[in-house]
Each structure stands twice: as structure tokens, then as C-alpha cells.
Amino acid sequence: MTTTPEGHQLRLQDAPGPLQDALGPLKDREHVAERLLDASAKHSFDPDTELDWAAPPEPGKWYWPPELVSLYGTPLWRRMPEEQRMELARHEAAALASLGIWFEIILMQLLVRHVYDKPVTSAHVRYALTEIADECRHSTMFARMIEKGGAPAYPVGRLHHNLARVLKTVSTTPGSFACTLLGEEILDHMQRLTFPDERVQPLVRGVTRIHVVEEARHVRYAREELRRQMASCPRWEAALTRVSAGEAARVFSVAFVNPQVYTAVGLDRREAVAQVRASAHRREVMQTGARRLTDFLDEIGMLRGVGRRLWKSSGLLA
């Protein structure tokens, strides 16, 4: 907001001059897309040829860093033998990859909808299509990783599957980009901790390295577009976006760990879920993973009112 000499409050986008928000003037949309297209040309990967899918798993190595496993540090974790802990990590890696595929399919639909009525020769649209191609490769890469790890795929529950169907159908354009960042930035934080970790299986490290490099471009695109949308959309749309993004955060945080993984490794599901919910370490992992995002959303006015309360109830915002 800004204030006129007469004391009337205006949104920043209503003031004369270039489009801007609380972070300053926005960059030209086409210029941003052209730079991202250049980066894509230089730093894109084909997982089918980049990774050694034929190599056997290395004995004694984790499929996910132990500190990022949901039960880490709980009384139940302390009672589990090391073999069971590693087995849980293997199943959680498969569950997270399954969640990633679900989310990327949603993201691809939102991106296609975003560019449907935009100039097809623009750099902005060309980059969106490039990102969709990236996400197709990521989804197939995650599916292959699940298969190679030997654990089953873990689709999200029917309730969350159908809630997402509603959210992606009614989502505003800024809401779509807020949800994009929600799914990308928390997983990105965990993957940045995973790919340099020599305790982790080489294939998992390779998958997360590719994803981190390519997702950095996706995050930049989504952040720039979310700023633009929030600075130019009607007030009713901004208000609806705050609520829908907060609800998406609540759904995502619940879906982040599939309780079936506990049953798969011989644990009592109810006890495990209760201990995860009570875990200060797990809460810190999730809030740390979301902090860059929540700080950014707060700066651009997304975390207000009901939306902020929903983010707090999700456990992703302290």
C-alpha cells in the first residue's frame, strides 16, 4: 500500500509508473522468460541418459537422509533398529516421489491453463512450455526411481486427490503460482540437503541433483509471475488467492507423509502419526523448508487474515 498526499491509500499497482510491489519494480516479463530459456538451453538434463539406472543399490546406504525421515528423533525412532529405520527411509523416498508426481501433474495442468489465452510466440509462453517438458521428465524420473528402489508407489489419499481436483479447477492465476511454489520450494530444500549427502544412494542423489538444478528456474518463473499477478489482480482475487493458498498449504502438509509407509515397515500407524505430529524436530524441518517461501509470501502481502491462519494451522508457518 502507499498513501497519497490527501491520505487515501492505494495499492502499489494503482500508483503511476512501472508495475511494482513491496519488493520494488517488476522485471519485464519477456526479459525474465528469455533469460530462463537461455538457462534451460545450457542446464537441462535427460534423466534416461544422465543417470546410471542399471547400477545396483549400494549396501548400507540410505534412500533418504535420516534427519529428513518423518519419525527421526521421536521415541519410536529411538526404539527402531537401524535396519527398520533405513527401510522406512526407503519407503518415505518412494512416497515423496509419488507426491512429487501428483503435484507435477497438477502443476502442468495449471501452466497449460495459464498460457491458453496468451500469445503463443511470446518468450513467456515458450518458457512455460519448456517448464512443462521439464516436469514431464521429472515425473518419469521419479517413477523410475520408485521402481528401482523396490518400494511401492504411494498415491495420495482419495480425499486429498479430490480436494486438489477442486483447488486446481477453481484456482485463480496467482493462486496457481502460489501453489506451484508451495510444492516446489519445500521439496527443493530437502533435495538440496540430499544430493550432496554421501550416505544416500547414488541414484537418489542424482535424481535430486537434476531436480534441484531445473527447479531453480521454475521457482524464479513462479515467483516473478506471482508478484506480477498479485500486483495487478482485483482485490477480490487477491483475497481469494490468500485463502486458497492457505488451504493448499494445509492439504499439502497433511499429504506430505503417507501414513501407509508406517504399516509397510511394521509400525503401528496411529502411534507413528501421533509421534510425527508431536515431533518438534519434524516441525522444524517443515518450517525450515518453507521459510524462504513464507518470508517471500509475507513480503508480497499473501499471508494476511484467514490465509495466514490457514498457513499457521498447516504447521508450515511458525
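Residues take their numbers from the sequence shown, with the count starting at 1. Computed from heavy atoms alone, side chains included, the values below leave out hydrogens, waters and symmetry copies.
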> Look at the rings of His91 and Tyr154 and say which category their plane angle falls in: under 30° parallel, 30 to 60° tilted, over 60° perpendicular.
perpendicular

> I need the Ser40 OG to Glu214 CD distance, nearest 0.5 Å.
7.5 Å

> Rounded to the nearest 0.5 Å, how far apart are CH2 of Trp53 and CG of Asp48?
7.5 Å

> Would you say Thr294's side chain and Arg291's backbone share a donor-acceptor pair under 3.5 angstrom?
yes

> Salt bridge or not for Glu224 and Arg228, using N-O below 4.0 Å?
no

> Looking only at heavy atoms, what is the nearest atom pair of Ser98 and Ile146, with distance?
OG-CD1, 3.4 Å

> Any idea how Phe252 and Phe256 line up, ring-wise: parallel (<30°), tilted (30 to 60°), or perpendicular (>60°)?
perpendicular

> At their closest point, which heavy atom of Arg113 faces which heavy atom of Ser171, and how far apart are they?
NH2-O, 2.8 Å

> State, with a plain yes or no, whether a side-chain heavy atom of Ile210 is found less than 4.5 Å away from one of Met141.
yes

> Got a sec: does the NZ of Lys27 have more than 12 other heavy atoms crowding it under 6.0 Å?
no

> Hey, does the side chain of Glu104 reach the backbone of Cys136 with a donor-acceptor pair shorter than 3.5 angstrom?
no

> Are Glu147 and Arg144 close enough for a salt bridge, meaning some N to O gap below 4.0 Å?
no

> Charged N to carboxylate O under 4.0 angstrom, Glu67 versus Arg199?
yes

> Does His211 have its ring centroid less than 6.0 Å away from the ring centroid of Phe195?
no

> Is it true that a side-chain atom of Ser44 and a backbone atom of Ala41 form a donor plus acceptor pair closer than 3.5 Å?
no

> Can Arg308 and Asp298 be counted as an ion pair, charged N to O under 4.0 angstrom?
yes

> Would you call Arg126 and Glu34 a salt bridge, using N to O less than 4.0 angstrom?
no

> Hey, are Arg282 and Ser70 close enough side-chain-wise for a donor-acceptor pair under 3.5 Å?
no

> Going only through I, L, V, M, F, W and Y residues with side-chain contacts under 4.5 Å, is there a path from Val251 to Val166?
no

> So how far is it from Leu76 CG to Leu71 CG, rounded to the nearest 0.5 Å?
5.0 Å

> Can you classify the ring geometry of Tyr221 versus His114 as parallel (below 30°), tilted (30 to 60°) or perpendicular (above 60°)?
perpendicular

> Is any side-chain N of the basic residue among Arg35 and Asp38 closer than 4.0 Å to the acidic one's carboxylate O?
no

> Looking at Arg242, is its backbone amide N or carbonyl O close enough to the side chain of Arg304 to form a donor-acceptor pair, meaning the two atoms are under 3.5 Å apart?
no

> Taking NZ, NE, NH1 and NH2 as the nitrogens, is one of them in Glu185 or Arg223 under 4.0 Å from a carboxylate oxygen of the other?
yes

> Look at the side chain of Gln201 and the backbone N and O of Tyr63, then say whether any donor-acceptor pair between them is shorter than 3.5 Å.
no

> Answer yes when Arg79 and Glu271 have at least one side-chain N-carboxylate O distance shorter than 4.0 Å, and no when they do not.
yes

> Check the surroundings of atom CD in Glu83: do more than 12 heavy atoms from other residues, nucleotides or ligands lie under 6.0 Å from it?
no

> I'd like to know if the side chain of Ser279 and the backbone of Gln275 have a donor-acceptor N/O pair within less than 3.5 Å.
no

> Work out which heavy atom in Arg90 is nearest to a heavy atom in Gly149; give both atom names and the distance.
NH1-O, 2.8 Å

> Let me see the working for Glu215 and Glu135 under side chain to side chain contact (heavy atoms under 4.5 Å, CB included), right down to the final yes or no.
CA-CA 9 Å; Glu215 286 295 320; Glu135 300 295 15; 3.4 Å; yes

> Do the side chains of Asp188 and Arg292 get close enough for a salt bridge, i.e. N-O under 4.0 angstrom?
no

> Roughly how far, to the nearest 0.5 Å, is CG of Leu36 from CZ of Arg217?
8.0 Å

> Do the charged groups of Glu50 and Arg209 touch, with an N to O distance under 4.0 Å?
yes

> Verify whether one side chain among Glu284 and His281 offers a donor that lies under 3.5 Å from an acceptor in the other.
no

> Hey, could you give me the CD1/CD distance between Ile300 and Gln229, rounded to the nearest 0.5 Å?
11.0 Å

> Please tell me whether Leu159 and Ile105 are part of a single hydrophobic cluster in this structure, the criterion being side-chain heavy atoms less than 4.5 Å apart.
no

